[in-house]
Every structure is written in C-alpha cells, then in structure tokens.
S.K.: 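Sharing a structure below in structure tokens format, with a few things to ask.
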Amino acid sequence: MKMIAPSVLSADFGNLRQSLEMINESSADWLHVDVMDGVFVPNISFGFPLMKPMRKYCTKPLDVHLMIVHPEKYVERFCDEGAYSVGFHLEAVDDPLPILDLIRKKGVRTCLTINPDIPVERLFPYLDKVDMVLVMSVFAGFGGQAFIPDSIDKIRTLRAEINRRQLATLIEVDGGVNVDNAASIYAAGADVLVAGHAVFKAANPIEAIRLIKQ
Ligand code: DX5
Ligand code: ZN
C-alpha cells in the first residue's frame with residue numbers, strides 16, 4: 001500500500017483553512033497531526049484547540065502523532081476530538097498495552113512509534129497489538145530535518161517480520177521524506193509516508209503529494 005499523510009506542522013497556520021482545503025483536493029490519504037509538549041521533545045506545537053477546525057475543514061482522516069509524556073492522560077480526549085488514528089512513543093511509557101487499550105476502546109486505530117535511537121526489534125512484541133507502527137526517520141521535534149539513511153534498514157527489518165508473521169500492521173515513516181527519497185522508502189516496505197516540508201514548502205503542494213505517492 002502506498003499512502004501519504006502530509007504533516008500539518010509545516011502548514012501556514014494563518015491560512016489553516018486554505019491549507020486543509022488544498023489537502024482535501026489532493027491525493028493525500030490522511031492528515032498527519034504532530035502534537036508536541038516541550039517535555040518529550042524540545043519543541044511545542046499545538047494541542048486540542050486545533051482538532052476542531054481540522055476536523056471541521058479537513059475531509060481526510062486525522063492521523064495524530066503524540067510526542068508527549070504521559071500519553072495515557074490524553075489519548076481518549078484525542079479520540080473524542082475526532083482522531084482516526086492515535087499514536088504515541090514507546091520510549092515515553094513503561095507499558096504501552098493499557099494505553100493502546102484506551103485508544104482501541106474508543107474505536108480509534110492504534111499506532112506505536114519509536115525515535116531513531118530505539119532498535120526496531122523493541123516494536124516486535126507489539127506488532128500484533130497495533131494497527132500501525134511509526135518509524136521516525138528524524139528525531140521527533142521539528143519539521144524540515146534530513147532523512148536518516150539507517151532508517152531504511154529498520155523499515156526492511158520491520159517489513160520482513162510483519163510479512164513472516166502474516167500481519168496486516170501498517171508501517172508509517174516520518175521525517176525528511178521528499179520527492180527524491182520516497183520511492184526507496186516505499187520499496188523498503190513502508191505503507192504510509194509522512195511529509196511536512198516537502199509538501200507545504202513546495203511551490204505546488206498538490207503536485208508534490210502526487211509525486212511522493214508515485
Ligand atoms: C517531527 C514530526 C514530523 C514532521 C515531519 O517531529 O513528527 O511529522 O512534521 O516534517 P518533515 O517532513 O518536514 O521532516
Ligand atoms: Zn509526526
């Protein structure tokens with residue numbers, strides 16, 4: 001499966017509605033929503049107040065990526081605010097299983113994510129317990145960073161394990177994705193590519209979305 005989830009983090013928030021309408025017109029599959037708390041990552045993005053306008057003006061499913069400590073306190077609220085998928089970081093919690101349950105009980109898709117310094121094998125025990133795993137190909141915290149090439153091996157390793165166990169778990173890749181490297185990331189086994197700068201800073205974002213998906 002080749003899907004793309006543009007990251008609203010790189011959008012012009014002064015013209016959020018227009019950006020969302022552009023996404024609606026495009027071949028984007030989901031809108032990726034990056035929530036940062038300034039504690040888990042050294043940056044603060046936005047939180048609940050933007051969920052309503054995004055839900056209202058964006059016709060694409062909202063793929064929420066929580067870069068926060070204590071996700072157990074907030075996942076249900078993100079579900080109630082209209083998330084299609086809610087993901088949090090494995091390294092932010094002691095035991096992800098009860099938190100995944102909170103999301104699943106809301107009827108929302110689950111995602112577990114890891115930063116580049118976490119071995120991909122740490123996700124293996126959870127592959128049959130989530131809808132998606134998210135491999136960060138930059139350190140979480142900022143848009144516009146360069147893709148870390150080692151991520152390709154992690155994606156291949158994950159793809160092999162998911163196929164070996166005949167699971168339907170999706171692999172999402174986030175950070176430094178662009179028109180030039182997208183094909184090799186899909187080829188390594190990714191299903192969903194997140195792209196912030198490569199979409200929203202492009203002269204023609206709709207075309208950039210189409211080219212990344214190709
Ligand atoms: C980084 C975020 C990413 C970011 C990607 O912490 O999780 O989703 O918006 O931005 P680009 O595609 O510009 O690297
Ligand atoms: Zn993200």
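Residue numbers start at 1 and run along the sequence shown. Just so you know, ligand 1 is whichever comes first in the structure, and atom 1 is the first atom listed for that ligand.
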S.K.: Does the plane of the ring in H89 sit parallel, tilted or perpendicular to the ring in H65? Use 30° and 60° as the thresholds.
M.R.: parallel
S.K.: Take a 6.0 Å sphere around NZ of K52 and say whether it holds more than 12 heavy atoms from other residues, nucleotides or ligands.
M.R.: no
S.K.: Does the side chain of K213 come within less than 4.5 Å of R210's, by heavy atoms?
M.R.: no
S.K.: Check the surroundings of atom CG in D94: do more than 12 heavy atoms from other residues, nucleotides or ligands lie under 6.0 Å from it?
M.R.: no
S.K.: Check the side chains of D34 and H32 for a donor-acceptor pair under 3.5 angstrom, ignoring hydrogens and angles.
M.R.: yes
S.K.: Which atom pair, heavy atoms only, marks the closest approach of L134 to C111?
M.R.: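 Closest heavy-atom pair between L134 and C111: CB-SG, 3.7 Å.
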S.K.: Taking atom CH2 of W30 and atom SG of C58, what is their separation to the nearest 0.5 Å?
M.R.: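 That separation rounds to 13.0 Å.
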S.K.: Does a side-chain heavy-atom distance below 4.5 Å link L62 with F78?
M.R.: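 No, too far: nothing below the 4.5 Å cut-off.
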S.K.: Where is the tightest heavy-atom contact between V199 and P6, given as atom of each residue plus distance?
M.R.: CG1-CB, 4.2 Å
S.K.: As a test of reading the model: which residues have a non-hydrogen atom less than 4.0 Å away from ligand 1?
M.R.: S7, L9, H32, D34, M36, H65, M67, M136, A140, G141, F142, G143, G144, D174, G175, G176, V194, A195, G196, H197
S.K.: Which of the protein's N, O or S atoms come within less than 2.8 Å of the Zn ion (ligand 2), not counting waters?
M.R.: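 Per the 2.8 Å query on the Zn ion (ligand 2), atoms found are H32 NE2, D34 OD1, H65 ND1, D174 OD2.
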